[in-house]
> 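Sharing a structure, written as structure tokens. Questions coming.
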Amino acid sequence: MFDFVRNNQRLMMVLLMLLIIPSFVLVGVSTYDSSGNTDTIATVGDRKITQVEFENAQRETIDRYREALGAQFDPKMVDTPEEKQRVLDGLIAQRALDAEIAGNHMTVDDATLASFYAKTLVGPDGKFDVEQYKNAALQQGLTTAGLDQMVRRQLALEQVTGSIERSAFAPRSVSNRLSDIREQQREAQELMFPAAQFAPQVKVTDAMVKAFYDKNPSLFQVPELARIEYVVFDNSAVASQVAVTDAEVAAFYEQNKKRYSTEEQRTASHILINASKDAPAAVKTAARAKIDALLAQLRKNPADFARLARENSQDPGSAELGGDLGVTEKGAFVKPVEDAIYALKQGEISNVVESEYGYHIITVTDIKPASVRPLDEVKAEIMAELKNQKSGKKYTEMAETFSNTVYEQSESLKPAADKLGLQVQTAANVTRTPNPAAGAAPYNNAKFLQALFSADSLKNKRNTEAVEIAPNTMISGRVVEYKPATVRPLAEVQDAIRQRVTVEEEVRLAKAAGEAKLAAVKASGDATGFGEPKIVTRTQQPPFNQAGAIAVLKADTSKLPAYVGVELPGQGYAIYRINKVQQSAPDVERRKSEAQQIGNVIAQQEVYGYVEALKKKAKVKIKRPVTTPATNAAD
């Protein structure tokens, strides 16, 4: 698979573009309208974006993140208002672009499609590769006809945005200036004033320690802590109380047998000689004569079907495949062609079939009869589904019991635990805000902690309300012991304060000495005491402290030598003498790449503006925020 993607990058980009609208179109929309159908999230002109479409797009987004990040993927990354809005904006952008394509009657003819494939699906011999074509469809879960439709849409989209993207470019003066800055080299020398060398001059008094302590109480605060009990109610508590009988499984199977049935599947091939219904009579006569001649050859030797299709068929999507149309689906072909496919036996060749496109010869290469999976094969699947259905109903019932019990018998969690078969758990050193050290512990949830540290919970030691911390997961807790926030006494922290104040005083003295020296060398140009010259660039590891290297690169070098000073936190102070500024030899290829990158950014900005204009033109209206559940939309 990865070889296929690597070898067919342009085709894969086309396919990905159909699933991922670039970030430059994923921005806000024009108006908000609180009225309307609660299943409709937004309208773009006269086209709706429904809740189902939004949820499908959100699932696709989650799948892409999961595929890209693997084990590092966290569902919380996409479960945010910002990410949901981004998904909706992507759908709006798609609708606006589709409206523009339809409004301008932009189409992609067969010749353009064939030309695209010929350039992107190239085999070792430099010709169109049939296997790559099939694999491209397979990777998208499509038939080859479905792939053709998808690519046509993207090529039409390129007609809309392509001219804008191609007209964008980075002015040479801008790209060259940026490249010059990147390739610039500065020769500098360093003169350090280490904080440690000023240690003998520092005398930290008790008054200085006390002043620091009084000024920075937050540094010595011990947060409030609680020892708690809590009970978690989730699906696992429901599962043990739900059972499914064999009779229920059998009844479900009979009622839903169609779900476990596979319709007959037919694989077909055809040869097409073009002759549209509006074609001149002479064209139709010539096309009919040609198809009749081909049919006569096939009657003599049916095994030549694939060869004759490759040599003669005028269908660009299937000719190179020997006429193969793949597994057919009802409704995918014009009626005369579909009727012929479903009338033929396997291996049988049709008579000439006339359609609005011309004349066809059709054969069915494979037939897989309809089948029904037996009950034994799907029993476990049905049992799991029925159990989930029952669990959903049971969860609602038990969740209400859980909520009521922890509220009504608020002095203890034991009644709720006993009634529902749950376990009372404990935790110590629980803080008001989530503690990274507690990780994914159920109680380490911001919403629950807010309830736990409420005035009523702390003062009266009552159970919290049942708090939903995740889908189908609720928690209630109570504070057993509470320690309010305190400040550590001065005697306990004075040694640490003394050490910190000492370092700060050393750095202060180093900075004062350094700034005095900086003023002197700026006036005299003296280089005495500076270290050996070193080269500082934006592309290599700095030879000095990073803060110093940044100061050197940012310094005004209109007059050389130039001097700049910088405080190095915790270390002291440094002065840098800049002697030379020069350019390294230009890297031609890198400059081309940088100019292209700048051009791409400019192109994205221009296409962004264009799509924004299309949104306004399409009169986008938001019916309800995507963060609001559909059931509440009318509230």
> Enter the distance from Q255:CD to I382:CD1 here, rounded to the nearest 0.5 Å.
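The CD atom of Q255 sits 10.5 Å away from the CD1 atom of I382.
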> To the closest 0.5 Å, what do you measure between CD1 (I341) and CZ (R266)?
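If we round to the nearest 0.5 Å, I341:CD1 and R266:CZ are 9.0 Å apart.
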> Would you indicate whether Q450, at its atom CD, is surrounded by more than 12 heavy atoms from other residues, nucleotides or ligands within a distance under 6.0 Å?
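12 or below, so no.
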> From S276 OG over to E356 CD, what is the distance, rounded to the nearest 0.5 angstrom?
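Rounded to the nearest 0.5 Å, the OG-CD separation comes to 9.5 Å.
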> Taking atom CZ of R47 and atom OG1 of T40, what is their separation to the nearest 0.5 Å?
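Rounded to the nearest 0.5 Å, the CZ-OG1 separation comes out at 13.0 Å.
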> Would you name the heavy atoms of Q314 and N274 that are closest together and state the gap between them?
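Closest approach of Q314 to N274: OE1-N, 2.6 Å.
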> What are the two closest heavy atoms between Q51 and I41, and how far apart are they?
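So the two residues come closest at OE1-CD1, 3.4 Å.
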> Who passes side chain to side chain contact (heavy atoms under 4.5 Å, CB included) against N445, sequence neighbours left out?
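Once residues adjacent in sequence are excluded, the partners of N445 under the side chain to side chain contact (heavy atoms under 4.5 Å, CB included) criterion are K447, F448, I469.
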> Would you indicate whether Q546, at its atom CD, is surrounded by more than 12 heavy atoms from other residues, nucleotides or ligands within a distance under 6.0 Å?
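Open.
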> Can you find a pair of side-chain heavy atoms, one from V151 and one from Y117, that are under 4.5 Å apart?
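With C-beta onward as the side chain, the pair touches.
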> Answer yes or no: does atom CD of E55 have more than 12 heavy-atom neighbours from other residues, nucleotides or ligands under 6.0 Å?
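For E55, atom CD is crowded (more than 12 foreign heavy atoms under 6.0 Å).
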> Apply salt bridge (Lys or Arg N to Asp or Glu O under 4.0 Å) to K84 and E82, showing your working.
CA-CA 6 Å; K84 290 176 181 178; E82 295 78 12; over 6 Å; no
> State, to 0.1 Å, how close V353 and P336 come at their nearest heavy-atom pair, and which atoms those are.
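So the minimum-distance heavy-atom pair works out to CG1-O, 3.6 Å.
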> Give the minimum heavy-atom separation between A275 and A287, together with the two atoms involved.
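Smallest interatomic distance, heavy atoms only, reads CB-CB, 3.8 Å.
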> Could you check whether D148 and Y133, counting side-chain N and O atoms only, form a donor-acceptor pair closer than 3.5 Å?
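Yes - a donor-acceptor pair under 3.5 Å links their side chains.
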> For E381, is there an ion pair with R259 - N to carboxylate O distance below 4.0 angstrom?
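Salt bridge flag = no for E381 with R259.
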> Looking at K335 and E338, is there a salt bridge between them, counting it only when a charged N and a carboxylate O are closer than 4.0 Å?
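Salt bridge absent between E338 and K335.
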> Report the residues that fulfil side chain to side chain contact (heavy atoms under 4.5 Å, CB included) with Q540, sequence neighbours left out, ordered by chain and then residue number.
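Counting only residues at least two positions away or on another chain, Q540 forms a side chain to side chain contact (heavy atoms under 4.5 Å, CB included) with T537.
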> Got a sec, which pairs hit ring-ring contact (aromatic ring centres under 6.0 Å, His included) with one end in residues 315-338, sequence neighbours left out?
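Applying ring-ring contact (aromatic ring centres under 6.0 Å, His included) to every pair that reaches into residues 315-338, excluding sequence neighbours, yields nothing.
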> Nearest 0.5 Å, what's the CG-CD distance between L113 and Q149?
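So the gap between those two atoms works out to 11.5 Å.
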> Work out which heavy atom in G439 is nearest to a heavy atom in N444; give both atom names and the distance.
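Heavy atoms only, the tightest pair is O-ND2, 3.1 Å.
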> State whether a side-chain donor-acceptor pair under 3.5 Å links D89 with Q85.
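D89 vs Q85: donor-acceptor pair found between side chains.
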> Would you say H270 and I361 make side-chain contact, with heavy atoms under 4.5 Å?
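A side-chain contact is absent here, since even the closest heavy-atom pair is not under 4.5 Å.
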> Can you list everything that forms a side chain to side chain contact (heavy atoms under 4.5 Å, CB included) with E354? Sequence neighbours excluded, please.
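Residues passing side chain to side chain contact (heavy atoms under 4.5 Å, CB included) with E354: Y359.
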> Heavy-atom count check: over 12 atoms from other residues, nucleotides or ligands less than 6.0 Å from Y357 OH?
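For Y357, atom OH is not crowded (no more than 12 foreign heavy atoms under 6.0 Å).
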> Are I92 and I622 close enough that some pair of their side-chain heavy atoms sits under 4.5 Å apart?
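Side-chain contact under 4.5 Å: yes.
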> What pair of heavy atoms forms the shortest contact from H360 to L272, and how long is it?
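Looking at all heavy atoms of both residues, the closest pair is CE1-CD1, 3.5 Å.
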> How about Q389: does its CD atom have over 12 heavy atoms from other parts shown lying under 6.0 Å from it?
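Yes, the 6.0 Å shell around CD holds more than 12 heavy atoms from other groups.
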> Mind running side-chain contact (heavy atoms from CB on, under 4.5 Å) on E264 and K368 for me, showing each step along the way?
CA-CA 6 Å; E264 178 188 78; K368 292 182 179 177; over 6 Å; no
> Classify the side-chain pair D234/S236 by whether it contains a donor and acceptor separated by less than 3.5 Å.
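A donor-acceptor contact under 3.5 Å links the two side chains.
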> Are any of the side-chain nitrogens in E53 or R95 under 4.0 Å away from the carboxylate oxygens of its partner?
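Judged by the 4.0 Å cut-off on N to carboxylate O distance, E53 and R95 do form a salt bridge.
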> The criterion is side chain to side chain contact (heavy atoms under 4.5 Å, CB included); which residues satisfy it with K387, sequence neighbours excluded?
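Once residues adjacent in sequence are excluded, the partners of K387 under the side chain to side chain contact (heavy atoms under 4.5 Å, CB included) criterion are V242, V244, S391.
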> Can you tell me how far the CG atom of D324 sits from the OG atom of S318, to the nearest 0.5 Å?
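If I round to the nearest 0.5 Å, the distance is 8.0 Å.
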> Under the rule for side-chain hydrogen bond (donor to acceptor under 3.5 Å, both in side chains), what residues qualify as partners of E263, not counting sequence neighbours?
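E263 satisfies side-chain hydrogen bond (donor to acceptor under 3.5 Å, both in side chains) with no residue once adjacent residues are dropped.
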